[in-house]
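The structure appears below as structure tokens.
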Amino acid sequence: MTHYSAFSVFRHALRGNKTWGRAWRDPEPKASYDVVIVGGGGHGLATAYYLAKEHGITNVAVIEKGWLGGGNTGRNTTIVRSNYMMPGNTMFYERSMKLWENLSQDLNYNVMISQRGQYNLCHSPGQMDAARRRGNVMRANGIDAELFDRAEVRRRLPYLDYTENARFPIHGAIYQSRAGTARHDAVAWGFARGADRRGVDILQQREVTGYLWEGGRIVGVQTNRGDIRAGKVGLCVAGHSGHLARMAGLRLPIETHSLQAFVTEPYKPLVDTVISFGAAHFYISQSDKGGLVLGGDLDMYNSYAQRGGLPIVEHTLASAKALMPSVSRLKLLRHWAGVMDMSMDGSPFIAKTPVDGLYLNGGWCYGGFKATPASGWCFAHTIARDAPHADNAEFTLNRFERGYQIDEKGMGPKPNAH
Amino acid sequence: MQQFPCPFCGLRDEREFHFAGEAGKPRPDTTQPISDADWAKYLFYCANAKGASHEVWVHTTCQEYFVMTRDTVTMAVLGTHALHEVPA
Ligand SMILES: Cc1cc2nc3c(=O)[nH]c(=O)nc-3n(C[C@H](O)[C@H](O)[C@H](O)COP(=O)(O)OP(=O)(O)OC[C@H]3O[C@@H](n4cnc5c(N)ncnc54)[C@H](O)[C@@H]3O)c2cc1C
Ligand SMILES: [Zn+2]
């Protein structure tokens with residue numbers, strides 16, 4: 001398989017770009033694998049990649065019911081950051097940030113990581129205090145964070161609403177300069193290519209419909225195109241975690257909700273960073289093609305539909321207008337939704353399940369894209385060693401009965417509140 | 001907008017409604033000791049059905065809570081009834 005480089009671009013260009021090979025194979029499945037990963041999004045593919053790279057486990061298949069990255073990986077607004085303050089989260093997300101910073105080189109695939117910085121705006125003295133506390137926790141852990149007052153935010157982001165009419169006056173912001181965005185499809189494709197090169201079989205258009213059992217242990221999966229045996233089965237199915245867990249007789253502390261995203265018509269360069277509104281669930285960035293990328297809130301009730309309701313369209317656009325009045329004349333080009341695995345404390349799971357042979361990676365809520373590299377890295381560790389790494393040790397399923405929720409927002413057991 | 005049927009007021013705009021939680025999940029009897037596992041089951045674990053889902057909703061304009069059965073894939077409403085009624 002071709003190693004990508006400036007030289008290979010040049011060489012293939014001379015041949016009219018007709019000589020590029022496929023980036024990964026489309027193999028016939030074997031009867032049995034050491035590990036089967038269900039879900040070919042970023043997390044599943046990263047898990048397979050790190051199983052092979054870090055643990056030498058290459059007899060692995062990734063089974064995807066649709067196409068690679070067709071789930072939330074290809075539907076998200078691509079924000080990458082590591083501004084978490086709860087023990088259990090902080091160092092996990094910082095591991096992810098460090099992996100992002102070298103990911104294109106590691107994968108030999110350009111994931112277009114762009115550390116354009118991220119502002120979390122504060123609209124009250126209380127929010128400024130909370131931001132200061134978060135920033136202090138981050139800095140105490142060696143993560144970059146800066147606190148800006150209103151004047152500094154205004155100097156840096158002059159296009160927001162600073163008038164007396166502003167619905168939510170801006171008091172300041174907390175800023176992470178290493179945060180930014182990455183190209184979502186490229187992340188799935190880069191991990192797929194990297195895993196495939198190390199011998200992992202990627203099986204698309206194949207839906208897992210149940211499990212193979214032997215004496216109370218899961219020993220493989222049933223699919224709509226035949227059974228496949230496995231030493232261990234790892235779930236990376238995002239909004240379908242609850243559904244696949246139920247097939248194994250498990251209930252999870254997860255509700256499935258739909259989350260929408262929006263892109264406007266292309267516009268000249270305007271927003272050269274990522275901005276999160278502090279007064280409502282809303283954030284904005286600008287894609288390389290010029291479209292403003294907007295994200296909003298959940299539909300607020302359970303949904304497995306990959307499309308959202310109209311009230312949130314209205315709410316998101318009202319938030320955009322409140323924050324940045326100049327967007328009001330832009331037209332929306334596209335909007336879509338993904339189905340999210342909202343956990344009861346807003347934090348994820350990377351753990352063995354109570355069922356022998358079954359491992360869970362899920363509960364990523366709004367924020368699992370940024371987690372992709374560390375999620376795969378830690379899940380691979382957990383599957384290979386049958387024990388968590390220190391960075392995912394708190395992401396257990398039984399933390400709720402032990403009273404160890406990791407609730408960054410302090411919202412309590414309401415998944416749609418996180 | 002989608003319209004939801006309130007058993008008391010009839011079809012109304014979805015913005016008048018609020019999702020309250022899973023139906024058929026009684027609060028454990030707190031006058032007796034409850035195990036951590038049972039309490040966690042009540043507070044945190046859910047059916048999260050794909051397809052027909054039984055839910056408690058509130059119609060914020062009349063303030064009545066009621067049970068609505070919805071298909072979580074198609075968003076079709078399959079039925080509603082007042083909280084005290086047992087569905088047929
Ligand atoms: C609109 C939106 C905006 C978001 N914005 C951000 C953001 O800015 N920053 C951020 O960090 N996160 C964001 N997220 C969250 C992020 O996208 C997800 O947490 C992350 O991509 C999850 O990756 P994954 O690989 O676990 O899931 P997915 O990419 O969804 O992959 C799961 C895969 O499992 C497959 N699958 C499901 N069931 C089966 C089955 N039975 N058999 C076989 N395959 C199956 C699905 O087809 C899917 O491809 C956003 C999400 C959405 C929807
Ligand atoms: Zn009513």
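In the text below, chain A, chain B and the rest are named by the order of the sequence lines, each starting its count at 1.
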Among residues 51-70 of chain B, those lying within the under-4.5 Å heavy-atom range of chain A are B:E55, B:W57, B:R70
Could you tell me which residues in residues 23-36 of chain B have at least one non-hydrogen atom under 4.5 Å from a non-hydrogen atom of chain A, sorted by residue number?
-> B:D36
Only one of A:M344, A:E401, A:R399 passes side chain to side chain contact (heavy atoms under 4.5 Å, CB included) with A:P253, and that residue is A:M344
Is there a side-chain contact between [X] and [Y], using heavy atoms and a 4.5 Å cut-off?
X: A:L212; Y: A:Q222; result: yes
X: B:Q3; Y: B:D13; result: no
X: A:F349; Y: A:I254; result: yes

Mutual orientation of the aromatic rings belonging to A:F262 and A:H335 [parallel < 30°, tilted 30-60°, perpendicular > 60°] | parallel
Contacting region of A:E314 [heavy-atom separation from chain B under 4.5 Å] | side chain
Quick one: what part of A:R251 sits under 4.5 Å from any heavy atom of chain B, side chain, backbone, both or neither?
-> both
Could you tell me if [Y] and [X] have a donor-acceptor pair between their side chains, going purely by distance under 3.5 Å?
X: A:T396; Y: A:R402; result: yes
X: A:Q260; Y: A:D299; result: yes
X: A:T256; Y: B:N48; result: yes

Does CZ belonging to A:R217 count more than 12 external heavy atoms closer than 6.0 Å?
-> yes
Under 6.0 Å from the CZ atom of B:F8, do we count more than 12 heavy atoms belonging to anything else shown?
-> yes
Could you tell me which portion of B:A20 (side chain, backbone, both or neither) has an atom closer than 4.5 angstrom to a non-hydrogen atom of chain A?
-> backbone
Is a donor on one side and an acceptor on the other found under 3.5 Å between the side chain of A:N361 and the backbone of A:C236?
-> no
A:N76 side chain to A:N72 main-chain N or O, any donor-acceptor pair under 3.5 Å?
-> yes
Ranked by heavy-atom pairs below 4.5 Å to chain A, first place among B:A40, B:A49, B:A37, B:G21 goes to B:A49
Hey, which of A:G242, A:P311, A:A305 has the most heavy atom pairs under 4.5 Å with chain B?
-> A:P311
Who wins among A:D345, A:L252, A:L310 for the most heavy-atom pairs under 4.5 Å with chain B?
-> A:L252
